[in-house]
Amino acid sequence: ILLVDGPQALRRSRTMETTVKLVPGTIAKVPSGSDPFKVWEIKVGHDGVCYCACPSWRFQKAPAADRKPCKHVRAALRIFARKVERVQAA
């Protein structure tokens, strides 16, 4: 998974709590497990929802805010969580 550093901001407050703010834009590029030539982009929309270009996410019938995250979004968010943990530990 290739994380794109621009759209997220890790910040420490005076109380040593780390906050993460995802701003709109591409946050990660995840290679397809079935096709080595495909890469799925994970984006954060202006509504704060993480979007994926994969068919599993796109073809859900629910509105974007109510959709279940696909495995690509879950993987990207797990990596961000680990990144936040490392910043908190430092």
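Residues take their numbers from the sequence shown, with the count starting at 1.
- Between Tyr51 and Val73 there is no side-chain heavy-atom pair separated by less than 4.5 Å.
- Leu77 has its side chain within reach of Cys50: a pair of non-hydrogen atoms, C-beta onward, lies under 4.5 Å apart.
- For the atom pair OG of Ser56 and NZ of Lys71, the computed distance is 8.0 Å after rounding to the nearest 0.5 Å.
- Between Ile42 and Lys29, every side-chain heavy-atom pair lies at or beyond the 4.5 Å cut-off.
- Side-chain atoms of Val49 and Val44, non-hydrogen and from C-beta on, never get closer than 4.5 Å to each other.
- Scanning both residues, Pro24 and His46, for their nearest heavy atoms gives CG-ND1, 3.3 Å.
- The CD atom of Gln60 sits 6.0 Å away from atom CZ of Arg67, with the distance rounded to the nearest 0.5 Å.
- Taking NE2 of His72 as the reference point, atom SG of Cys54 lies at 5.0 Å (rounded to 0.5 Å).
- Panel note: side chain Arg58, backbone Cys52; no donor-acceptor pair is recorded below 3.5 Å.
- The side-chain contact (heavy atoms from CB on, under 4.5 Å) search around Ser32 returns Ser34, Asp35, Lys38, Trp40, not counting sequence neighbours.
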